Amino acid sequence: MFDFPETLVIGRSISKWIDRVVDWVVVNWDPFFSAINIGVLRILVPFQEFLQWLPWWFVIIMVGLLAWRMVSVKFGIVAAGLLLVVSFLGLLDLAMITLAIVLTAALLCVVIGLPVGIAAAKSNRVDSIMRPVLDSMQTMPSFVYLIPAVMLFGLGKTPAVMATMIYALPPIIRLTNLGIRQVDPSVVEAGRASGTTSWQLLRKIQIPLAMPTILAGLNQTIMMALAMVVIASMIGARGLGIEVLNGINRLEVGRGFLGGISIVFLAVILDRISQGFASRKSQTRSISG
Amino acid sequence: MSENGSKIWCRNLWKVFGPHPDAIIDSASDGSTKEQILEETGHVIAVKDVSFEVKENEIFVVMGLSGSGKSTLIRCINRLIEPTRGAVCIEGADIAQMNDAELRDLRRHKLSMVFQNFGLLPHRTVLDNVAFGLEVRGEGKKERHEKALQMLEQVGLKGWEKNRIHELSGGMQQRVGLARALASGAETLLMDEPFSALDPLIRRQMQDEFLNLHTTVKRTVIFITHDLTEALKLGDRIAIMRDGEIVQIGRPEEIVTKPADDYVSEFVRDVPMGKVLSAQTIMEQPATVVQSDQSIEDAIEAMRLKEGDWTFIIDGTGRVKGTLTLEDARAAVSRGLSRAGEAARSEFASTAPDVTLEQCLSLVTGESNIPVAVLDDERHLLGVITRPALFEAIQSDSTNGKQN
């Protein structure tokens with residue numbers, strides 16, 4: 001008698017209704033989702049095959065060089081060392097698969113997040129609509145994204161990329177918005193007084209000056225994508241996540257641990273390199289024109 | 001539409017910030033003050049019924065303290081801020097009626113602006129900053145860089161074109177801002193406190209350079225400042241703003257000698273008059289003027305009649321030939337000379353009408369008590385400045401000036 005009256009509970013009917021909508025979408029929008037599926041695979045598969053095709057020593061040397069250019073000599077050596085450890089663990093091939101998914105998802109995040117972030121910066125209305133959406137995207141348990149992804153795309157790489165992308169999208173939208181709003185108003189005013197169109201203002205003043213902030217958003221997006229990829233391995237994304245998942249399923253602690261530590265190494269390398277890229281951009285801003 | 005050759009004019013311009021600006025204008029017209037309206041309705045009247053005209057190649061200074069609405073006013077002229085009511089015309093075109101494309105065109109070709117905080121692009125080189133306006137209107141890289149280089153040379157920044165903005169001092173940054181505004185070839189410059197963010201020393205230097213530049217590159221300038229000294233130094237005419245209204249418009253001398261109300265006279269109280277007033281404002285008509293072909297006796301008689309001991313000798317066309325003192329005249333008579341022109345001394349102190357009193361000061365230091373002649377370009381005598389009159393004018397403050 002202390003429970004909420006059974007007759008008033010509508011949760012079940014709502015969830016049934018959502019199920020029906022999803023069913024309907026799956027059936028009737030199939031061409032649309034097939035097209036997305038093909039599009040994603042067109043980017044991901046060649047990229048992943050290319051990374052796997054590269055000789056192991058070449059990958060290690062290139063990552064080391066990149067880390068040296070973007071961060072420091074010291075970190076260049078550390079990054080190459082970390083990848084060498086991953087190779088010794090026999091997980092370099094899986095790491096390349098993970099990297100391909102992460103970078104593909106990050107690319108899609110940029111393609112979608114940048115325009116949305118700009119729209120939110122330009123219009124207060126868009127901003128006030130986006131804010132709760134982004135908040136709920138970030139608080140939603142990441143597993144929830146797996147279900148519709150599987151329903152719409154089946155098992156495999158595409159739902160993994162899509163779920164990862166949706167999970168990793170908020171930071172780049174937020175920081176693009178923030179970066180553009182934070183551009184010195186006197187510089188924007190000077191641009192307008194020179195007779196810029198709003199597109200010129202955006203391209204020649206607002207985006208270049210917001211770039212450090214946007215790149216910080218990209219860094220966060222990449223890190224969130226990496227976190228999600230482990231979970232997405234449950235729906236068919238292979239890669240390092242599968243090792244962790246198998247470790248859990250089969251109670252092979254060692255195997256799970258090695259997979260986990262490899263993900264950590266990959267995260268460290270990606271984080272430092274993308275951060276280094278962002279801070280280099282803000283120090284020596286490119287000459288345009 | 002252009003009225004008696006003025007380049008820009010504003011008519012009954014209003015800017016009210018708040019949700020119902022139009023209603024506020026109607027109620028403000030019947031005399032409530034700015035504070036009352038802010039308190040009762042939450043609307044801010046930034047510009048209140050402002051009208052003025054700016055002539056071609058004139059430097060028109062709008063002076064007021066912070067919050068007087070001067071920055072809002074200047075932004076209404078290129079519509080960075082939309083005016084609530086009233087007309088702004090430039091070269092006959094009403095700015096309020098323009099659509100976006102026309103407005104862009106206006107900003108690209110006819111009106112450029114210089115900002116207090118420079119508004120330069122930190123991610124670009126000096127050269128690309130100066131070329132920005134040209135780039136925006138679609139000029140080719142080579143062409144716009146050529147023009148930008150020329151402008152940089154004009155403002156004395158040759159050799160800095162590849163540098164970044166943050167490598168330049170404040171004064172140099174504002175030169176870049178000025179070069180950017182000049183590069184578009186716009187005939188009208190809007191300058192919003194351009195020198196206020198600079199050190200006093202640099203500020204003075206920039207003012208001098210700006211005046212120099214203005215004589216070579218003629219532009220119509222609307223110049224905003226909160227600094228009266230700057231206003232008096234640069235302005236051909238000055239408008240004093242208070243609480244969104246223009247209290248007085250006039251030439252610098254008019255502002256200091258005939259302040260329209262207590263507010264303005266309070267402002268101009270400590271103005272160094274020697275720097276503001278020019279020779280023509282205090283010159284007086286000489287007591288006697290003698291034609292060079294008159295006899296010396298006539299000259300002596302004329303001086304005696306006016307109880308003076310000096311006179312100016314002019315030729316038939318009215319040009320000044322020289323001066324003659326009573327003493328010299330008597331000596332000349334005893335030497336047997338007859339014509340006044342023969343006895344005249346051709347060396348005497350003279351000045352142009354627009355020279356400041358401070359500069360005149362050095363001319364009256366000699367032994368002679370003959371006044372300084374004020375001559376026009378063709379050496380016609382416009383008037384004279386006596387030593388006592390000069391000292392009195394320099395020492396007086398404007399409160400005396402007002403009573404005169």
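In what follows, every heavy atom counts, from backbone to side chain, and hydrogens, waters and symmetry copies are set aside. What you see is a predicted model, and the numbers here were worked out from it, not measured in a lab. Per chain, numbering begins at 1; letters A, B, ... match sequence-line order.
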Can you confirm whether [X] is buried at [atom1], in the sense that more than 12 heavy atoms of other residues, nucleotides or ligands lie under 6.0 Å from that atom?
X	atom1	answer
B:N99	CG	yes
B:K110	NZ	no
B:K158	NZ	no

Original post:
Under a 4.5 Å heavy-atom cutoff, which of B:L190, B:L121, B:D105 has the most pairs with chain A?
Top reply: B:L121

Subject >> Winner by heavy-atom pair count (cut-off under 4.5 Å) against chain A, out of B:R137, B:R75, B:M113, B:H109 >> reply: B:R75

Subject >> Proximal component of A:E189, with respect to chain B [non-hydrogen, under 4.5 Å] >> reply: both

Original post:
Hey, which of A:T197, A:D184, A:L201 has the most heavy atom pairs under 4.5 Å with chain B?
Top reply: A:T197

Subject >> Region of B:L120 in contact with chain A, defined by heavy-atom distances below 4.5 Å >> reply: backbone

**OP:** Check each atom of B:R79 against the heavy atoms of chain A and say whether the ones under 4.5 Å are side chain, backbone, both or neither.
**Re:** backbone

Original post:
Closest heavy-atom contact between B:F115 and A:A193?
Top reply: CZ-CB, 3.8 Å

**OP:** Taking all non-hydrogen atoms of both residues into account, name the closest pair between A:A190 and B:G119 and its distance.
**Re:** CB-O, 3.3 Å

**OP:** Could you check if a side-chain atom of A:S194 sits within less than 4.5 angstrom of a side-chain atom of B:F132, using non-hydrogen atoms only?
**Re:** yes

Original post:
Is a side-chain N or O of B:H123 found less than 3.5 angstrom from the main chain of A:K204, in a donor-acceptor match?
Top reply: yes

Original post:
Under 3.5 Å, side chain of B:R108 to main-chain N/O of A:G195, donor-acceptor pair present?
Top reply: yes

